[in-house]
Engineer: 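Before I ask anything, let me first share the structure, which is written out below as structure tokens.
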Amino acid sequence: MTSTQTSPLPFLKGHGTENDFVIVPDAENAVDLPPALVARLCDRRAGIGGDGLLHVVRSAAHPDARHLADEAEWFMDYRNADGSVAEMCGNGVRVFARYLEHAGHVTAGEVAVATRGGVKYVHLDKDGSVTVAMGRAVLPEDGVTVTVDGRSWPARNVNMGNPHAVAFVEDLDHAGNLYDEPPYEPAAVYPDGVNIEFVADRGPRHVAMRVHERGAAETRSCGTGACAVAVATARRDGVDPAESGTPVTYTVDVLGGTLVITEHPDGRIDMTGPAVIVAEGTVDPAWLGSGDVTARDGIETVND
């Protein structure tokens, strides 16, 4: 697509526990989405609005996912709201799978989704909930200290395919406004940035969290963050399924709802929560004609 493009760009809008996404169906990877265009699409005043963008591409058609095509037909080319590329998004992959069902590409049941964090296996439940096998957490020994408004907390380093720093606080208000990334030291622990979760107890195996997502500021929810929080909380509580041989489940309240996280003795982590498609349409060709979006061989339709 050039600056004279007259074809509209199909899109959908979806959310998982109010972590919302612009969805761009593009099976053959025909649409270029430069960072500036992604940021405009995710702009809540001048664009469609979203915490990120889900670029829906067949794995075989994308250079980052061709090696996964035998395992997963579809690739979630995920972008943060500022246009930067991210490895994974837990709420995003649930919404991505819901879109595949909505578009008729898959039916309820098991779905494999390729991501930059590996292949994720998703179960679309008939009751509307979606369970994602999120892989295993990595717990590097080096952590950081996070500081907000003169208060500081140690933060546990948890990697869920993307990096997280989990800090336990007495009150979620102590996280501040989270417009900007909270300062942390040493910065070298996270050379590519980090998602920072602030966690407060709500009851036995029940916590609440707020999160600053890299590239997006505070969001209503973060799926990989909820998994990181559940693992970090379990270890704080002295619980490790690998040692006990028994799965452990935590309920994690986010601003947009509730996620249920289960860690199994072999380290596998399942996340269950809602995923909803709320709108479908096309972007005004005149708006696209600004020159910020290009296509190699034309635009895909929503249900190609």
Engineer: Out of Ile23, Leu33, Val38, which one pairs with His55 under the side-chain contact (heavy atoms from CB on, under 4.5 Å) rule?
Structural biologist: Leu33
Engineer: Could you state the interatomic distance from CG (Leu178) to CD (Glu218), rounded to the nearest 0.5 Å?
Structural biologist: 4.5 Å
Engineer: Report all side-chain donor-acceptor pairs from residues 238-246 shorter than 3.5 Å, counting only partners two or more places apart or in another chain.
Structural biologist:
residue	atom	partner	partner atom	Å
Asp240	OD1	Ala242	N	3.0
Ser244	OG	Thr246	N	3.2
Ser244	OG	Thr246	O	3.4

Engineer: Suppose we screen for ring-ring contact (aromatic ring centres under 6.0 Å, His included). Which residues come up paired with Tyr121, at least two apart in sequence or across chains?
Structural biologist: none
Engineer: Is it true that Asp77 and Arg116 have a side-chain N and a carboxylate O under 4.0 angstrom from each other?
Structural biologist: yes
Engineer: Say you draw a straight line from NZ of Lys120 to SG of Cys89; how long is it, rounded to the nearest 0.5 Å?
Structural biologist: 12.0 Å
Engineer: How many angstroms lie between atom OH of Tyr184 and atom OG1 of Thr147, to the nearest 0.5 angstrom?
Structural biologist: 12.5 Å
Engineer: With distance as the sole test, does Asp43 use its side chain to make a donor-acceptor pair with the main-chain N or O of Ala46 at under 3.5 Å?
Structural biologist: yes
Engineer: How would you list, by chain and number, every residue that makes a ring-ring contact (aromatic ring centres under 6.0 Å, His included) with Phe168, sequence neighbours excluded?
Structural biologist: none
Engineer: What's the spacing between Cys222 SG and His164 NE2 if we round to 0.5 Å?
Structural biologist: 5.0 Å
Engineer: Can you tell me how far CZ of Arg156 sits from CG of Asp142, rounded to the nearest 0.5 angstrom?
Structural biologist: 11.0 Å
Engineer: For Asp70, is the CG atom crowded, meaning more than 12 foreign heavy atoms sit under 6.0 Å from it?
Structural biologist: no
Engineer: Is any side-chain heavy atom of Val229 less than 4.5 Å from a side-chain heavy atom of Val207?
Structural biologist: yes
Engineer: Between Asp20 and Lys13, is there a side-chain heavy-atom distance shorter than 4.5 Å?
Structural biologist: yes
Engineer: Is there a side-chain contact between Leu41 and Leu37 (heavy atoms, below 4.5 Å)?
Structural biologist: yes
Engineer: Check Asp201, Thr258, Val252, Thr251 against His206 for a side-chain contact (heavy atoms from CB on, under 4.5 Å) and give me the one that passes.
Structural biologist: Thr251
Engineer: Could you give me the CA-CA distance, side-chain angles and deciding distance for Asn19 and Thr17, then say whether side chain to side chain donor-acceptor pair (under 3.5 Å) is met?
Structural biologist: CA-CA 6 Å; Asn19 196 188; Thr17 51; over 6 Å; no
Engineer: Check Glu73 with Arg58, please: is the shortest side-chain N to carboxylate O separation under 4.0 Å?
Structural biologist: yes
Engineer: If you measure from the Lys or Arg side-chain nitrogens to the Asp or Glu carboxylate oxygens, is any gap between Arg268 and Asp266 under 4.0 Å?
Structural biologist: yes
Engineer: Please give me the minimum heavy-atom distance between His102 and Ile277, naming the atom from each residue.
Structural biologist: CB-CG1, 4.3 Å
Engineer: Tell me, do Leu54 and Arg79 make a side-chain contact under 4.5 Å, heavy atoms counted?
Structural biologist: no
Engineer: What distance separates Arg210 CZ from Leu255 CG, expressed to the nearest 0.5 Å?
Structural biologist: 6.5 Å
Engineer: Do the charged groups of Glu18 and Arg220 touch, with an N to O distance under 4.0 Å?
Structural biologist: yes
Engineer: Can any side-chain N or O of Asp51 pair as donor or acceptor with the backbone N or O of Thr219 at less than 3.5 Å?
Structural biologist: no
Engineer: Can you find a pair of side-chain heavy atoms, one from Arg94 and one from Pro274, that are under 4.5 Å apart?
Structural biologist: yes
